[in-house]
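Note sheet for the following structure.
We use all heavy atoms of the structure for the numbers below, so side chains are in, but hydrogens, waters and symmetry mates are not. Proteins get letters first, then strands, A, B, ... in listed order; numbering begins at 1 in each.
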Amino acid sequence: MPQARTPQVAPAPPAAQRAARYWLMKSEPDECSIDDALAAPHQTVPWTGVRNYQARNFMRDDMQVGDGVLFYHSSCAEPGIAGLARIASATRADPTQFEPESPYFDPKSPPAQPRWLLLDVQALRKTRLLPLAELRAVPALASLRVLQRGNRLSITPVSDEEWAAVQALL
DNA sequence: GCCAACGTTGGC
DNA sequence: GCCAACGTTGGC
């Protein structure tokens with residue numbers, strides 16, 4: 001008895017099954033601030049340099065064009081949410097992994113199967129800076145990933161409720 | 001597959 | 001510059 005054929009390709013998961021529709025993305029303002037992104041052509045920058053598998057997998061598996069982004073400034077005098085942005089492209093290979101002179105060079109990444117991805121992020125607007133202390137004071141943001149102890153991920157999902165709570169602060 | 005050593009992140 | 005926390009590496 002022949003078995004029913006199984007689809008060769010799994011259907012894309014419905015939006016409700018994605019990890020999130022909103023994201024927080026960290027950028028060092030010395031490298032690319034919200035002002036830098038707003039000044040870029042089409043207010044769009046390639047999000048280069050992600051070298052963490054969890055963050056890469058969010059880009060690869062969950063992030064979609066149009067998703068909302070909290071643009072976060074890290075490793076600077078005033079860390080916090082500095083602007084709003086959106087995901088503006090699908091993923092593609094991050095070219096810096098193949099550039100020996102780049103700080104993001106990864107000699108172990110096989111060019112035929114690039115290990116690291118990026119996508120384009122379009123800045124929408126600069127906001128007033130929402131520093132960590134202010135975010136921590138909002139009960140609805142208690143579980144925001146960037147506020148958790150030891151958090152280091154440069155891309156983290158933001159729930160619908162957290163997104164709304166941030167918008168309410170602006 | 002364990003786990004110690006090491007490098008990096010990032011707030012303070 | 002300090003240091004806690006975390007991810008990665010590599011010997012065994």
TODO: For A:Leu169 and A:Leu135, run side chain to side chain contact (heavy atoms under 4.5 Å, CB included): C-alpha distance rounded to whole Å, both residues' side-chain angles, the deciding distance at 0.1 Å, then the answer.
DONE: CA-CA 9 Å; A:Leu169 295 176; A:Leu135 299 174; 4.1 Å; yes
Task: Annotated protein contacts, base or backbone, on nucleotides 7-12 of chain B with a non-hydrogen cut-off under 4.0 Å, one of B, S, - each - done: BBBBSS
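- When every heavy atom of A:Tyr104 is checked against every heavy atom of A:Thr96, the shortest pair comes out as CB-OG1, 3.4 Å.
- Summarising the geometry of A:Trp47 relative to A:Leu118, their closest heavy-atom pair is O-CB, 3.3 Å, with the distance given to 0.1 Å.
- Here the closest heavy-atom approach between residue A:Val121 and residue A:Ala85 is recorded as CG1-CB, 3.7 Å.
- Of the candidates A:Arg86, A:Arg18, A:Arg21, A:Arg18 is the only one forming a salt bridge (charged side-chain N to carboxylate O under 4.0 Å, His left out) with A:Asp67.
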